[in-house]
Enquirer: 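Have a look at the structure that comes next, please.
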Amino acid sequence: APEVQHTSYSPDGTRSAVFRSLKPEGKEKKLLVEIWDLLAGVKEEELELQKEHGDWYFDGAFSPLASGAHKACGADI
């Protein structure tokens, strides 16, 4: 299973963004973001960001989603 790097929640707590990295044996690392509807318990979207972005950096004081970076990946959570 892909390793969870970070999880962030929408201000109203109804959605989450789960940042994962996946390194299949003999293949390139993939960076994925899953958007979940927590009320319905379903995954709404899965985005592969490696083509657009480099590695992620997470810092508790400077959340990537709090800064509006989520808009860059087309997810409005």
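In this text the structure is predicted, and so the values were computed from the model without any measurement.
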Enquirer: Please report the interatomic distance OG(Ser21) to CG(Leu32), rounded to the nearest 0.5 Å.
Expert: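 That separation rounds to 8.5 Å.
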
Enquirer: For the CZ atom of Arg15 and the OG atom of Ser8, what is their distance to the nearest 0.5 Å?
Expert: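 So the gap between those two atoms works out to 13.5 Å.
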
Enquirer: Considering non-hydrogen atoms only, spot the tightest contact between Ser16 and Thr7 and give its length.
Expert: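 That closest heavy-atom pairing would be CB-CG2, 4.4 Å.
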
Enquirer: Could you point out which residue of Glu3, Glu34, His6 forms a side-chain hydrogen bond (donor to acceptor under 3.5 Å, both in side chains) with Arg20?
Expert: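 In the set Glu3, Glu34, His6, the residue that makes a side-chain hydrogen bond (donor to acceptor under 3.5 Å, both in side chains) with Arg20 is Glu34.
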
Enquirer: If you round to the nearest 0.5 Å, how far is NZ of Lys23 from NZ of Lys30?
Expert: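 Reported value, rounded in 0.5 Å steps: 11.5 Å.
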
Enquirer: Once you round to the nearest 0.5 Å, how far does CD of Glu44 lie from CG of Asp37?
Expert: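 Taking CD in Glu44 and CG in Asp37, the distance rounds to 4.5 Å.
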
Enquirer: Shortest non-hydrogen contact from Trp36 to Val18?
Expert: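 That closest heavy-atom pairing would be CD1-CG2, 3.9 Å.
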
Enquirer: Please identify each residue that fulfils side-chain hydrogen bond (donor to acceptor under 3.5 Å, both in side chains) with Lys43, with sequence neighbours left out.
Expert: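 Applying side-chain hydrogen bond (donor to acceptor under 3.5 Å, both in side chains) to Lys43 gives Glu46.
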
